[in-house]
Amino acid sequence: MYLPLIGAVDLYRTNILEEKVLIEIGKLRIQTLIMDLSGIMEIEAEVIDHLIKIIDGTSLMGCTTVITGLRAEVVSSMINVGIRLNEKAQTLGTLQQALNKYLLS
């Protein structure tokens, strides 16, 4: 499952995202979720925390989450608040890298 996130991501939007992602993983038995964040310019700590909870939920359902496209500004925000996303999900620089690894192999 490929999930591009574009624009502002707030708690309201992550709540909707959580519901839809978990339902689809259960319904379609998705094994790998590629979450592309290249369209996100900035993100607040509470939203990052919610994304981590979504990743935990996908993991509980047997789905691996891959995060791609993290911008320097977003990574700086994560570092400043001590969030370590790479402990919860695999991270790759670009969506193309993830597609090559998971769809073309």
Verify the cluster assignment for [X] and [Y]: are they in a single hydrophobic cluster under the rule of side-chain heavy atoms below 4.5 Å apart?
X     : Y     : result
Met61 : Ile30 : yes
Val81 : Ile54 : yes
Ile16 : Val9  : no

key: side-chain hydrogen bond (donor to acceptor under 3.5 Å, both in side chains) contacts in which one or both residues fall within residues 29-39, not counting sequence neighbours   =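 Qualifying pairs: Asp36-Ser38, Asp36-Thr68.
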Going by the rule side-chain contact (heavy atoms from CB on, under 4.5 Å), which residues pair with [X] if we only count those two or more places apart in sequence or in a different chain?
X     : answer
Ile23 : Glu19
Leu11 : Thr14, Glu46, Val47, His50
Gln97 : Leu92, Thr94
Leu60 : none

query = Restricting to pairs with a member in residues 49-75, which pass salt bridge (charged side-chain N to carboxylate O under 4.0 Å, His left out), not counting sequence neighbours?
reply =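 Output for this query lists Asp49-Lys53, Asp56-Lys88.
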ask   = Can you name the nearest heavy-atom pair linking Met41 to Val74, along with the distance?
value =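 Taking Met41 first and Val74 second, the nearest heavy atoms are O-CG2, 3.8 Å.
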task = Mind listing the closest non-hydrogen atom pair of Leu22 and Gly57 along with its distance?
result =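 Closest approach of Leu22 to Gly57, heavy atoms only: CD2-C, 3.9 Å.
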Donor-acceptor pair, side chain of Ser76 and main chain of Ala72, under 3.5 angstrom =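 A pair under 3.5 Å: yes.
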Distance check, rounded to the nearest 0.5 Å: [X] atom [atom1] versus [Y] atom [atom2]?
X      : Y     : atom1 : atom2 : answer
Ile48  : Ile83 : CD1   : CD1   : 4.5 Å
Ser59  : Ile52 : OG    : CD1   : 13.0 Å
Leu51  : Ile43 : CG    : CD1   : 5.0 Å
Asn100 : Leu95 : CG    : CG    : 9.5 Å

request  = I would like to know whether Leu17 and Leu5 meet side-chain contact (heavy atoms from CB on, under 4.5 Å); could you show each step before the answer?
outcome  = CA-CA 10 Å; Leu17 176 70; Leu5 295 177; 4.1 Å; yes
Derivation and outcome, side-chain contact (heavy atoms from CB on, under 4.5 Å), residues Ile55 and Ile67 = CA-CA 10 Å; Ile55 293 166; Ile67 306 294; 4.0 Å; yes
request  = Verify side-chain contact (heavy atoms from CB on, under 4.5 Å) between Met78 and Leu70, making sure each step is shown before the conclusion.
outcome  = CA-CA 10 Å; Met78 290 178 177; Leu70 288 170; 4.0 Å; yes
